[in-house]
2 protein chains.
Amino acid sequence: MTTQTRRERERAQREQLIVTAARELAEAEGWEAVTTRRLAAEIEYSQPVLYSHFKGKGAIMTAVAVQGFEELAVELRVARAAARGTRDALAAVAAAYTDFAQKRPALYDAMFTHAVDLTFATPDGPAYLREGFGELLQAVQPLAGDDDPGILTETFWASLHGLAMLERSGRLPVEAHDHRLDLLIGRFAPAET
Amino acid sequence: MTTQTRRERERAQREQLIVTAARELAEAEGWEAVTTRRLAAEIEYSQPVLYSHFKGKGAIMTAVAVQGFEELAVELRVARAAARGTRDALAAVAAAYTDFAQKRPALYDAMFTHAVDLTFATPDGPAYLREGFGELLQAVQPLAGDDDPGILTETFWASLHGLAMLERSGRLPVEAHDHRLDLLIGRFAPAET
DNA sequence: CAGATCTCCTAGCAGCGCTAGGATCTAGGC
DNA sequence: GCCTAGATCCTAGCGCTGCTAGGAGATCTG
């Protein structure tokens, strides 16, 4: 029995090793550099070992994305907790979100442009998916007025996502990022609240 | 001389044929189905012919994207021209933009997620790139108040882009799209202007 | 110690973007 | 009208991709 638990433990460790290697490789050289051969070399095993842990390359990216969702939720929570007023909270959460996207572009890509097999926007979805959205929701809710807080949060989220994507791809110059964020916050939290 | 002009004309036609085939194939089956072999078969030539017209597959996608920018600019212009008030104009332009993204997802992808070798946000950029942004700018400008109209337009554009992307990938349910757009318009054009 | 099981690697498949080299067809000079 | 020069286009192939079949080897069980 002990030998089996040891094997399971070792298997779990190796699985984590794969995810970590994939993430680091992606963040260092982009997802296009993450090939199954390269990844196998990195963990010092042969290619087929990857497929004994994951269904395919996409599943590995999904596993990385899940890590990202957990970390993003934490960062949003920290940012919101440190804020004082209502407008401050929204600004803090927004800044934390776009910072995350800018500083971990590969991770953000795995979460929001690849890995579509994750279910979003469902009340019974995985916790790590709901937590991050919940932080946004709590920041937006006080500013909703008569509007549906959920839909408004989705809209705000989309704005942040759009900013992150367009700035990341060079379609919008990053220099004006703070300025754009400021204007966005101004539209969602107009008064000095 | 006539034979040479005939050749040039035929060459230009074939180049257009390639772009059209790539676009139709992408819109029918997605960009992952657009391979150089498949494309060559579609235009009934061999693979290397593609490379006598374009530097590579990326250049073909860029050519498709350029077509997209021209068409998007037209649709935004039409939408804005048909609108009456200030708020109406913003709503019309926003709806036209997201409609474009939803109805031509492959084209939109070529424009805004692939084909990064196009220069954005430069005053001396190609006309087709500036026109679409110009339409947005003219719709946003009257609502800028003390804020920088250019930056505000960029922010609004990012919001539309984010909505389009998240709804397209299934991360936000499409059903509430109109609702989200309504809330977004409400934040950028608050009063009944 | 023998046999069953489980782990892992070598080798290979089909497809990808892209390119070198030669065949074929056309155009112009005598 | 032929014959050479040049443009046009295709066949074949390179190195890469994600993924998988099959067997070798180590490990655990009786």
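Just so we're on the same page: letters track the sequence lines, and every chain starts at 1. Please read all numbers here as calculations on a predicted model, not as lab measurements.
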B:Leu50 CG - D:dT8 P separation (whole Å):
16 Å

Once you round it to whole Å, what is the distance between P of D:dT27 and CZ of A:Arg11?
17 Å

Closest approach to the side chain of A:Ser46, judged atom by atom: which nucleotide of C:dT19, C:dT10, D:dT20 is it?
C:dT10

Indicate, with a heavy-atom threshold strictly under 4.0 Å, whether B:Arg38 touches base, sugar-phosphate, or nothing.
nothing

Quick one: does any side-chain atom of A:Arg23 pair with a main-chain N or O of A:Val64 as donor and acceptor, under 3.5 Å?
no

Ignoring hydrogens and angles, state whether a donor on the side chain of A:Thr35 or A:Arg37 is under 3.5 Å from an acceptor on the partner side chain.
no

Rounded to whole Å, how long is the line connecting atom NE2 of B:His53 with atom C1' of C:dT19?
16 Å

Tell me the interatomic distance from B:Leu17, atom CG, to D:dC9, atom C1', rounded to whole angstroms.
16 Å

So, B:Glu75 and B:Lys103, do they make that salt bridge, N to O below 4.0 Å?
no

Checking contacts here: which listed nucleotide (C:dC8, D:dG18, D:dC9) is nearest the side-chain heavy atoms of A:Tyr51?
D:dG18

Could you tell me how far apart B:Tyr45 (OH) and C:dC18 (P) are, to the nearest whole angstrom?
21 Å

d(CD, B:Glu32; P, C:dA14) in whole Å
22 Å

Compare every heavy atom of A:Ala101 with every heavy atom of A:Tyr108, then report the nearest pair and how far apart it is.
CD1-CB, 3.6 Å

With the side chain defined as heavy atoms from C-beta on, B:Thr36 is closest, among C:dG17, D:dG18, D:dC10, to C:dG17

Reading DNA chain D from 5' onward, which residue's closest nucleotide shows up sooner: A:Pro48 or B:Glu44?
B:Glu44

Euclidean distance, atom NZ of residue B:Lys57 to atom C1' of C:dG15 [Å, nearest integer]:
12 Å

Check every strand shown and say whether B:Thr35 touches a base, only sugar-phosphate, or nothing at a heavy-atom separation below 4.0 Å.
sugar-phosphate

Presence of donor-acceptor pair under 3.5 Å, side chain of B:Arg37 and base of C:dG17:
yes

Is the side chain of B:Thr20 donor-acceptor paired with the backbone N or O of B:Leu17 at a distance under 3.5 Å, no angle test?
no

On the side chain of B:Gln47, is there an atom forming a donor-acceptor pair with the base of D:dC10 - under 3.5 Å, no angle test?
no

Roughly, in whole Å, what's the span from CD in B:Glu15 to P in D:dC9?
13 Å

